[in-house]
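Report on the following structure.
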Amino acid sequence: MSSEQKKPQKIIPIKADSQEKTVSFFEAHKKIYPRSISGRFMSWRWAMVWLTQLIFYGLPWLDWGQRQMVLFDLGARRFYLFGYVLYPQDFIYLTGLLIVSALSLFLFTAVAGRLWCGFTCPQTVYTEIFMWIEHKVEGDRSARIRLDQGGWTLEKIWRKTLKQFLWIALALWTGFTFVGYFVPIRELGGELLALQGGWQIFWVLFYGFATYGNAGYMREQVCKYMCPYARFQSAMFDKDTLVVSYDAKRGENRGPRKKDVDYKAQGLGDCIDCKLCVQVCPVGIDIRDGLQYECIGCGLCVDACNNVMDNMHYPRGLIRLTTQNAVSQGWTGAQIWRRIARPRVLIYTMILVGLTSAMVFSMAVREPLKVDVIRDRASLARIVAGGKLENVYRLQVMNATEQAQTYSVAVKGLEGIAMAEGTTVDVDSAQTRGVAVRVQIPYGTAEPGSHPIEFEITAQSGKGHVLEKSVFLVPR
């Protein structure tokens with residue numbers, strides 16, 4: 001999307017004081033050319049890029065035993081997560097994970113603003129990678145501007161073509177990796193090479209196109225207009241939240257000057273109005289205008305400003321990560337950190353630690369066996385040979401381990417109750433098997449009505465023990 005392209009605008013003429021004014025309801029998009037910068041925050045951004053992408057691209061290729069370590073097999077309705085096999089009945093863990101993620105977002109936002117947006121959001125990470133490719137192929141900010149504004153020379157054609165090729169290759173590999181979390185990635189690779197698997201090809205292309213469009217062209221527009229977090233983040237901020245801030249008291253009045261002059265005698269502040277903080281910003285805002293919802297808290301303007309302060313031999317921190325109270329009241333670092341541990345943050349932390357601990361404990365003690373008991377509705381009760389009263393049930397036994405298991409089935413709850421036959425059930429690894437069982441009591445030993453009973457299913461290997469309640473019907 002070129003910065004020079006002008007889009008149609010909705011123009012409404014307004015008459016006021018005998019003059020006609022034009023109000024535009026739409027502003028044409030202008031391409032942002034971020035300048036490369038080095039510094040502490042940039043180093044942290046790249047550290048998170050490496051960490052997140054090593055996990056994302058590498059995890060599907062790791063094996064756990066005879067299967068993929070992390071696989072969300074929607075077709076078989078099983079999720080394989082390291083040594084765990086999760087079924088749809090384990091949906092509670094997904095609910096818990098979403099709650100923990102939301103609370104983590106609230107906590108991190110209350111402490112330090114948009115940390116997620118600036119360092120680990122996929123939109124941020126892939127935009128950084130795509131911009132790095134653009135920088136390596138087309139050059140730094142000034143070179144890219146000249147290239148876009150110039151005519152279509154041979155150099156421009158080959159540079160643009162190479163950039164597009166690398167972008168598309170990265171986007172398709174990202175789509176392939178993403179689908180590899182839902183389809184075994186080695187099988188997926190073979191199917192794609194053989195041009196088989198229509199839905200798999202569709203989702204690889206779809207996710208690849210989304211990555212290509214969002215990281216290559218839409219970039220800051222996703223953060224500004226599409227992401228809902230930018231809209232409600234202010235509700236989670238307060239004056240003790242760490243945010244990227246410009247110290248106006250120290251910086252104003254801004255203006256250019258020479259190093260060897262007494263700029264304070266000229267009524268100038270520390271800001272030399274170099275606009276590097278604007279040029280390095282990936283969303284194109286001026287942090288000197290105050291906190292804005294578009295700011296993703298990446299801190300690149302801090303790195304740029306600190307480099308300028310070093311060159312001018314001024315103290316660092318004209319733009320810094322701090323709180324509004326600290327800027328207005330001149331707090332020290334110790335005072336800032338004391339205010340960070342405020343009741344709101346402590347409550348978020350306690351709830352988050354509690355929920356996370358509960359989830360970890362629940363997973364640790366989770367039984368790798370699930371059983372559903374369903375009564376046979378075709379025959380509520382019947383008298384069989386030997387003077388026995390019989391009820392029929394269907395047991396749905398789910399083996400959530402990676403090994404084949406043999407389960408013993410017993411029943412209790414009434415005098416003389418016993419299994420008629422089939423006291424063991426064999427189930428393959430990570431499989432479900434349904435089996436019909438017959439439960440009998442001596443006729444006349446129980447009053448007419450519904451009597452509670454329990455099925456006891458135990459793995460002979462010791463990996464699983466479940467008690468499942470049901471009822472035994474005695475007719476009148």
Worksheet item: With a 4.0 Å cut-off, would you call K469 and E454 a salt bridge?
Response: no

Discussion item. Suppose the criterion is ring pair (Phe, Tyr, Trp, His ring centres under 6.0 Å): which pairs have a residue in residues 73-94, not counting sequence neighbours?
Written reply: F72-F79

Fill in: T211 side chain reached by W167 side chain, heavy atoms, under 4.5 Å
no

Item to complete: Could you tell me whether the side chains of Q405 and S461 share a donor-acceptor contact shorter than 3.5 Å?
Response: yes

Worksheet item: When I351 is tested against each of T349, I347, V353 for side chain to side chain contact (heavy atoms under 4.5 Å, CB included), which residue passes?
Response: I347

Practice prompt. Answer yes or no: is there an ion pair linking K160 with E138, defined by an N-O contact shorter than 4.0 Å?
Written response: yes

Worksheet item: Between W61 and W173, what is the ring plane arrangement, given parallel below 30°, perpendicular above 60°, and tilted in between?
Response: parallel

Fill in: Pairs involving residues 122-134, ordered by first then second residue, that meet salt bridge (charged side-chain N to carboxylate O under 4.0 Å, His left out) (sequence neighbours left out)
K31-E134, R45-E128, E134-R144, E134-K163, E134-R219

Worksheet item: Is it true that D238 and R344 make a salt bridge, defined as a side-chain N closer than 4.0 Å to a carboxylate O?
Response: yes

Fill in: Interatomic spacing from CD in E367 to OG1 in T401 - rounded to 0.5 Å
11.5 Å

Worksheet item: Does D90 come within less than 4.0 Å of K370, counting only side-chain N to carboxylate O?
Response: yes

Item to complete: Answer yes or no: is there an ion pair linking R339 with D240, defined by an N-O contact shorter than 4.0 Å?
Response: yes

Fill in: Beyond-backbone contact of M42 with L300, side-chain heavy atoms, under 4.5 angstrom
yes

Practice prompt. Over all heavy atoms of both residues, which pair between I133 and L170 is shortest? Give the atoms and the distance, please.
Written response: CD1-CD2, 4.1 Å

Worksheet item: Any Lys/Arg nitrogen of D286 or K275 sitting under 4.0 Å from an Asp/Glu carboxylate oxygen of the other?
Response: no

Worksheet item: So, are D73 and R67 salt-bridged, with charged N and O less than 4.0 Å apart?
Response: no

